[in-house]
Structures are given as structure tokens and as C-alpha cells.
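Just follow the structure's listing: the first ligand is 1, and inside any ligand the first atom is 1.
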Amino acid sequence: MEGYDSMNYRVTSTQGQFVLKAYQQNQRIIEVIKAENEVLKDLEDNSNRYPKVIANSATESLTFDNAHPDQCFRLLTYVTGTFWGDIEQPSATLLRSYGRFLGQIDHQLSKLNPVAIRAKRMVWDLDHFLLNEPLIEFIDCPHERKLVDYFFLQYKEHVLSQLPILRKSLIHNDANDWNVLTKDGEVSGIIDFGDMVYSSLINELAVGLAYVLMDIDDPIGSAVHVIQAYHLIIPLKESELDLIYYLIAARLCTSVCNSAKTKREKPDSDYITISERPAWDLLGRWISISPYRASEAFRKACGYKPKRIQTSSEALQARKKYLGPGLSLSYDRPIYMRSAAFQYMYDSEGNALLDAYNNIKHVGHCHPHVVNAGRRAMAHLNTNTRYIFDSLTNYAQHLLSYFPDELSKVYFVNSGSAASDLALRMARVYTRRDTMAVVKHGYHGNSSSGIEVSHYKYAHKGGSGRQGHIIEAELPDCYRGKYTGDDGGRLYARDFIEINESATIGAFIAEPIVGCGGQVPLATGYLNELYPYIRSQGGVCISDEVQVGFGRIGTHYWGYEGHGVLPDIVILGKPIGNGHPMAAVVCTDEIADAFDNGMEFFSSFGGNPVSCAIGKAVLEVIENESLQQNALLVGNYMMDRFREIQQYYDVIGDVRGAGLFIGIDIILPQSDKAPNTVLASVIKNELRELSILVSTDGPSNNVIKIKPPLCFNRANADRLVEAFQEVLNRRVT
Ligand code: PMP
């Protein structure tokens, strides 16, 4: 059998079975093998738990043979037992035996200190995990690569600074499922000491657990048994327990990185990639487990008190002391967030919440490509557009490549509100008109001019009503509105044109799918009819893509493309920076020229090098991970599943949207589309208790809003739909 640095043969003779190991020799290998042999001799007892070194006829433990001048050989006893890897779901007793066994061997190894092994520096040593970073590029699948990249980032964040203070010892460093042997429900032996290193002691457990937890139903519960039993032999420190979650992930990453490299170099090698599939499975599951839940469970297993952190009500009280009361909180029981990974968010209670709501984290929370781009840029240069720097020009060019030639200029700002404010100002300067047409229930920003064009704000509580220069268009809603047929779009537009025939409109602003209006797609044909009219009477058309842009709707990159129209000005925000505060206005040359009327346009932060690096990274991730396509596939799949269950629940009035921008309209039972605000709120809050995040919106706040990060997958969609159904089953009789 092929190993990383040896060929291994089973030798059967009249004296029993042995393992013959053949190495390509060099001085370093010889020194290490000699040291390994010394360790095995020191470990030797009557238990047959470890291989014993068999000396050759010259009583030497290493054999050189003239017939094979490049090689050296050694013979070990054959340790018998059932491989851990052949056990389906290990029992608690077996898991505890595993922990005890590791504790015992580490206790023995802690007394040894072979110099040749101390000098080893290898990729399989978690203290040197970062040596594996260059191997990430061997991973072909971008969805897999990002997971590994994420855990490298977490290692740097959580482990690196701790390395100097973690206690070190000689460790076996490879208690994997094909090295550990069992007999009669107990761990009975361990083989292959070739990975022994002098490293942080806690790495022993992390390495072992990475394999033990593969293919296991309850990884944290199982890990607890192992850790608890180990702790009884070698008491673990709190600081060590807090790192296990990240170290397990690091070992899984080491395994998949090296498998990926080997697959490129030796495509036929089965042995070396043996752990690959289960390692990927566990890594994929690992992000759905909260690191805080894991470390609390491990601390508890060792008798430590939970880490004292503020409760959410304490944190809320502190927040209220310093922040204005106008800020709202989601859910009846607000969430105290601690960190996040892709489509998961980790709260202070140890939950991993499935995020089906935060569209801003477009490519996934804390995406490593985006985080690293921002970090690097921040360490390099941060300045403003009054200087020339390449990242601004390059990013502008890259972003504009997603637009047709007509939309050829971009201005960068720092929020969707600043972008809509700027867009409106441009429209005013260009058309020399002040009248703005807006769609009812739309929202475009929190600036004064943003509120002026946001019916969602000015027409509701605290709003001061429609201002004189604002013209309202009915929401062209084909579910609940005046027109519901195929021709609805055209009819809504016709009505608007008829009513406002005498108006001189400067700009018409609308979202392609009206988010705050309850995820209502503008009726088909509406913009086709309205845009030419607005232009014919001298106005410009603004598409607010803050919510739906960057591939979210699946079929197209931009929402306006889904309507087959071309705006004069486009507003970009939220997803553009994956949470980094940036936004942009894209417009025609003509509008940009007119806007250059002598007054300088300057934004202190808009278009700074850090934002440009982040924006570029976001565009790259959308491409690399085919996220637009994923939005289409998973979005359609989820809507299909919702439509399936809609047949059984008459409270689901409508399932609508595009890609991963979905609305579920909740109505009163046996009613004619009467909004069911109470039930929608119940669904939102009960899903939250089931660790799934959605929101409600719409004029009656009865529409469940679903707009997850675009890495949301089918399994996530299944979980959401099934939980939704569970809540309805509880509530609907
Ligand atoms: N336009 C739309 C459609 C929005 O949804 C929002 C934010 N909800 C904005 C503009 C304003 O963006 P920001 O909150 O970044 O100022």
C-alpha cells in the first residue's frame, strides 16, 4: 500500500505477520525513522497496542540493501483489530475509549523529546497549517474552495495568535480511522507513527476528531465523549477547548488540500484521497454548526463554566442607552449576533441560523475572497478620488462591463440612499425639472430626497405625506391590484399616462420588483409602456437595483433586463460590497456631461481603493461561483416547492418573485386575498425560533420576504420550506 513517503507491504511468515516499510532514503528521512523507532521502543509494553520494531540479523532497526541503493527498510509487527473506519456509528463507549486511548498515548509521548522529530516541519502539523495555503488553488470546485479559504481565514483569526501560548508535546498526529484499531468495543491499537510531530498538544485531539466525526450523525455530541474521556487522562485547558472547532476544520482542510494536490499529480492514487469525500461532507456540515455551541459543549464536557457573555437583554439595554429609539429590531425575541459564515449566522445562544433574508450578504457572509480583498487593500492604500489610483479605474471598467454601451459612466458613493439622492439630483440637473414619478409602496432611501420619493415612508406612520412635486403611480400588482390579467402591465401604464397627461415629469423611479411593497414584480409590459412615455415627454427613467441587482433574479444580472427595458440611470447598493458600505450610480454619457455643470461632485469615501477592491472581489465571486445561475436554479426550485405546498394551505395566497427574491403572500383562510398580517408575523417569528431568518413586508406586512445570500442551496431551500410547513401545521387547523 502506498503511503505519503513509503511503500508498505504485509509480510506473512511462519513467525506471524509483519509490515515491511520501504522508504526512498535520504539523510533527513533516516534521522526521522531512527527517532521514530526509538519512540516505538520507548512505548513498548505487553499490550500490543503499538507496532514493535523488529531488528534485522545485524540487530539494527534500519536495513540498507545493496540491491536497492536508494531505499531503506524496516520491519514492524502487525497490529491486529478492526479498523475504526469499518465501524458504522461508534457507540458512546467506543468514543470514550478512543478519547482515553489518545490521552494514554499522549501521556506516554509527553515524556519523550526526540530531536529529529522536533525539527520536523510538515504540512500535516496543525501548528504549520498555513503551509497548506498555496494548495487551495488545486481545489477545482469554487464552492469547495471557498469553504477551505474561509477556514484558513478563521485559523488566522482565532488560532495563530494563540500558537505561542499553547502547550507543546510530542503527539502521534494521525489517529485517523485507518490507523486506529478496535477489539471488543474498545480501541485496542494504533499504527503509523510517521506523522509524529512536536506540536501543540490539542492538535492531537483535533486531528483525531476530524476523522472520528466524519459520517457521524451528531458530531458535537460525539466529540464531547472523546474530549471528556481524554480530559480525565490529560486535563485540557479552556484556551485549548476554545480552539478545537477551528482546528478540526483546519485538519479537514489539510486533508482536502493535499488530496486535491495529489489528484493533480497522481490521478490514479486511491489511498491518498481515501478521506476526501467524507472530509468534504464534514466541512460542508461544519459551517452549519455554531463555533460557540461547539466550544461551550466542549467546555462543559470538561467541567468548565460557560463563558460569561452578555445576555441579549443586557446587550439591548446597553444599546438603548446610546442609540436613538427609532432603530427597530427584527423578531419578537431579538437576536444577539456574534459571527457568520456564508448562509449561516451564529448567535449568542449557540444557534447557527440559516439566513434566508439578508440579501446584502450577496455572496455569503464573511466570504474569504471579499474579506481578504478588503484586508489587503486596507493595508496598502486608502485614499479618495482626488488622486489617481488603478483600482478605481479598473473596478469602474469591470462594473460597467455588466451594462450595455449606453450606460457608460459610474459615480461611487457609500449607501443606496446616497446613490438615489445623487440619481435624483442628476435627473433634476439634466432635465431641469423637479417633478418625480414614483410607484406606490416603493422605497428608495433614508435621505430627505429619498424619503420624498418613497411612498413606503412618506405615506405611513411619521411621514409628512406626498409633496407637491411627487406624482404617484399605482403599484402594478397583478395579484392583488386592479388589473390581474396578462395585459395588466400595459393597462396600469395606460392609466398612469392618462391621469398624468399634462404633467412634465423629470424622472420616473422604480424598483423592478418592489421589495418593500411585498416582493411585487412590476407587471409584465408595464415598463415597456411607461419608459418610452416618460422619455417622450422629456423625463428620464431610473431603475433602483439596490435590492435585486447583481444576478439575484437569476434570469438576468439586472432587474430592468428582466423587463426588457433600458434605464437612463441605475442605482446600485446593498450587494455591491457584500456588506461593505458602498453604492453607485450608473448613467449615460449625456447625463454625466450635463451633471458636470461646474459644481464639483466629491464623496470622501465613494470609490476609495478599499471599496473598489471589495466591489471587484464581489463581481469575481459571482462569476467564479456561478451565483446568478444558482439563484435561478435554487430560486425556481424553492418557488416550485412553495407552490406545491400552496395547494394544501389556503393561507398561502401567492408565491411570487424571481430567482432568490421571493415573496409568500399570506392571506386569511377562505378569503379573497385578504392580508393575514397576524399569521405572517407568527410564521416569521416561529421560523426564527427554528433558526431560520425571513422577514415580512408589504403594505399590510403580510408577505414573507425571502432573499438569502446567493450561495443558498437546495438543501437550505428544503429546510426552509419544510419548516414553513411545520409552522403552518401547528397554526392552521
Ligand atoms: N433603494 C432600495 C430599493 C432599498 O431597498 C434601499 C434599502 N433598503 C435603499 C434604496 C437605500 O439603501 P441604503 O439603506 O443603503 O441607504
- Is any side-chain N of the basic residue among Asp568 and Arg535 closer than 4.0 Å to the acidic one's carboxylate O? yes
- Query: Roughly how far, to the nearest 0.5 Å, is the CZ atom of Phe342 from the NE2 atom of His367?
  - Reply: 5.0 Å
- Message: Using a 4.0 Å cut-off on heavy atoms, what residues surround ligand 1? Order them by chain and number.
- Response: Ser415, Gly416, Ser417, Tyr443, His444, Gly445, Glu511, Asp544, Val546, Gln547, Lys574
- Query: Which of parallel (below 30°), tilted (30 to 60°) and perpendicular (above 60°) describes Trp558 and Tyr560?
  - Reply: parallel
- Message: According to ring-ring contact (aromatic ring centres under 6.0 Å, His included), who are the partners of Phe605, at least two apart in sequence or on a separate chain?
- Response: none
Atom pairs and distances, donor-acceptor, side-chain atoms in residues 504-520, under 3.5 Å, two or more places apart:
| residue | atom | partner | partner atom | Å |
| --- | --- | --- | --- | --- |
| Glu511 | OE1 | Gly515 | N | 3.3 |
| Gln519 | NE2 | Ile662 | O | 3.1 |

Hey, can you pull the donor-acceptor pairs under 3.5 Å for the side chains in residues 521-533, sequence neighbours left out?
| residue | atom | partner | partner atom | Å |
| --- | --- | --- | --- | --- |
| Asn528 | ND2 | His563 | O | 3.2 |
| Glu529 | OE2 | Arg494 | NE | 2.9 |
| Glu529 | OE2 | Arg494 | NH2 | 2.9 |

